[in-house]
Number of protein chains: 2
Amino acid sequence: MSKCEQCIVRQFSSLKALNKAELLKMADCKTSYTIKKGEPIFEEGEVTNGIYCVKDGVCKLSKLSSNGKDQIVKLVKPGELLGQRSMISEEPANLSAVALEDMEVCFIPKKEIMQFFTQNNEFSMNVMKTICGDLKDADDHMVDMAQKSVKERLAGTLIYLEEMFGVDTDGTLRLQLSREELAGMIGTATESCIRLLSELNKSNLIELVGKRIKIVDKNKLRRLAD
Amino acid sequence: MSKCEQCIVRQFSSLKALNKAELLKMADCKTSYTIKKGEPIFEEGEVTNGIYCVKDGVCKLSKLSSNGKDQIVKLVKPGELLGQRSMISEEPANLSAVALEDMEVCFIPKKEIMQFFTQNNEFSMNVMKTICGDLKDADDHMVDMAQKSVKERLAGTLIYLEEMFGVDTDGTLRLQLSREELAGMIGTATESCIRLLSELNKSNLIELVGKRIKIVDKNKLRRLAD
DNA sequence: ATTAAAATATGATATATATCATCCTTTTGA
DNA sequence: TCAAAAGGATGATATATATCATATTTTAAT
């Protein structure tokens, strides 16, 4: 059993507020999992009874809409926690979490987390702030969905992907999303997404390297996104 | 200065967890305001330094999008708290709050609320649960915006308005929204909203009584909303 | 009461986006 | 190594929705 004390990603989440005793306790009750790309960590409607701390790899949080399409609500990267909302609300998960890359995650049972809540005020304030940040993002995201065109949303999403997950040595976006997943992020049909990518490619704002995407003119792209 | 102890709406918000001493303290530091229909309580970008408890009347939380349209993110009714998110995040307000009816609200300074947070665990859990509920709603709302048609969203919104705010004696929706505001809720152009209302009227799912709206066939409307 | 302004309504038209079909390319697995 | 499947690309077309114009009704102001 690895020690939570020495886990670096902890520093990036609400868990940084925990003291030594609490970290030892957590190390004692946690379970580590390896999740292969494409596999779910949990699914919409599932009761999770705890939270996951992402140690490595990125996953998508998505929801199946009534028209059968999978809308991606948020991407989660190492250091972030998963499943806080449903644990606090005492409800089944509202979103599915599926690995976009091979992942390592640790599961911490609800019981322990709830104890930290009552014992450690800084920890609960951290969690609150994270959820408040998620709420702001969700509100902003909602407004974009309602008011921006697909092209604007695509441009904004590409910039987000570069800034949040960086680029490879060849300058292409590090995080590999299929066209279908990218369409699921911006809320459009896969064909429309592909078409607009071609268009951005032709007008030299981006470059398509096979299925990889490279941002060429970030300023123009940013202006396009508003 | 009126007593918070005797305020009924308190029972419907996170504040129900406060004890007598805390309520007395709150009564002592709060400020009551009367807001006329159409007036703002606070605006996007403003630093509020506290929260508002809605005693009477309904308000909209909205955000101006880059295309100049006002997107309504949420409606807030008596008993609910306003401005919790930005207070906890220590950020300026992300949304504007504007009265849809004459309102009575009480302002409680941040200092006191933060004290309740550390003193009263039930209170902070209540606030957390409320924000988690808002986050779930926002995520679901976002998926609807991305995946549903305007007609589906209009149908869903009409049902929401009836269930949340009820109907007048003549059966029309109690909460009066202009067509522009209704369009702002569903995220569409005012003309499109008006046109779809006419269409629903002609197919006898709703009835238009002047500018008031009456739901006639709720089942069909619900099926339309998915 | 009368006029001006705002809100509602409807038509004509343009545009963005979805859908369906087909082809090409890459990946996977037997 | 080859066939099959999945993913990506593009054209043709249908549809939903926005936009612009204008008329009508309601509300507000003088």
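Just so we're clear, the structure is a prediction, and the values are computed from it rather than from any experiment. Proteins get letters first, then strands, A, B, ... in listed order; numbering begins at 1 in each.
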**Student:** Taking five pairs at each end, how big is the angle between the two axes of the helix from dA1(C)-dT30(D) to dA30(C)-dT1(D), to 10°?
**Tutor:** 50°
**Student:** C132(A) versus R85(B): any side-chain heavy-atom pair under 4.5 Å?
**Tutor:** yes
**Student:** Would you give a per-nucleotide map of nucleotides 15-30 of chain D, 5' to 3', where B means the base has a protein non-hydrogen atom under 4.0 Å away, S means only the sugar-phosphate does, and - means neither?
**Tutor:** --SBBB------S---
**Student:** Quickly work out the N201(B) CG to dT8(C) C1' distance and round it to whole Å.
**Tutor:**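 Between C1' of dT8(C) and CG of N201(B): 13 Å.
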**Student:** Taking 4.0 angstrom as the limit, do K63(B) and D140(A) come out as a salt bridge?
**Tutor:** yes
**Student:** Just how far, in rounded Å, is P of dA9(C) from CG of L200(B)?
**Tutor:** 12 Å
**Student:** Can you tell me how far SG of C193(B) sits from CD of E180(B), rounded to the nearest 0.5 angstrom?
**Tutor:** 10.0 Å
**Student:** Donor-acceptor pairs under 3.5 angstrom involving side-chain atoms of residues 38-51 of chain A: please list them, not counting sequence neighbours.
**Tutor:**
from	atom 1	to	atom 2	distance (Å)
E39(A)	OE1	K36(A)	N	3.1
E44(A)	OE1	L64(A)	N	3.2
E46(A)	OE1	E43(A)	N	3.2

**Student:** In whole Å, I'd like the distance from the CD1 atom of I213(B) to the P atom of dA7(C).
**Tutor:**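 Rounding to the nearest Å, CD1 of I213(B) and P of dA7(C) are 16 Å apart.
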**Student:** Is there a side-chain hydrogen bond (donor to acceptor under 3.5 Å, both in side chains) between S149(B) and R153(B)? Walk through the geometry before answering.
**Tutor:** CA-CA 6 Å; S149(B) 70; R153(B) 281 181 269 150; over 6 Å; no
**Student:** Would you mind classifying the nucleic acid contact of S198(A) as base, sugar-phosphate or nothing, using non-hydrogen atoms under 4.0 angstrom?
**Tutor:** sugar-phosphate
**Student:** Between E162(B) and R174(B), is a salt bridge (charged side-chain N to carboxylate O under 4.0 Å, His left out) present by the stated rule, with each step listed?
**Tutor:** CA-CA 8 Å; E162(B) 181 175 297; R174(B) 218 219 79 219; over 6 Å; no
**Student:** Can you tell me if K148(A) and N67(B) form a side-chain donor-acceptor pair at under 3.5 Å?
**Tutor:**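 Not at all, the side chains of K148(A) and N67(B) share no donor-acceptor pair under 3.5 Å.
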**Student:** Nearest whole Å is fine: how far is dG11(C) P from I194(B) CD1?
**Tutor:**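 Value for this atom pair: 13 Å.
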**Student:** Parallel, tilted or perpendicular: which describes the rings of Y33(B) and Y52(B), with under 30° parallel and over 60° perpendicular?
**Tutor:** tilted
**Student:** side-chain contact (heavy atoms from CB on, under 4.5 Å) between I213(B) and L208(B): does it pass, once the steps are laid out?
**Tutor:** CA-CA 5 Å; I213(B) 300 167; L208(B) 297 177; 3.9 Å; yes
**Student:** Whole Å only: how far is the CG atom of L208(B) from the C1' atom of dT10(C)?
**Tutor:** 13 Å
**Student:** What is the distance, rounded to the nearest whole Å, between atom CG of L182(A) and atom P of dG8(D)?
**Tutor:**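 Atom-to-atom, L182(A) to dG8(D), this comes out as 10 Å.
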**Student:** Quick one: E180(B) CD to dA9(C) C1', roughly how many Å, whole number?
**Tutor:** 15 Å
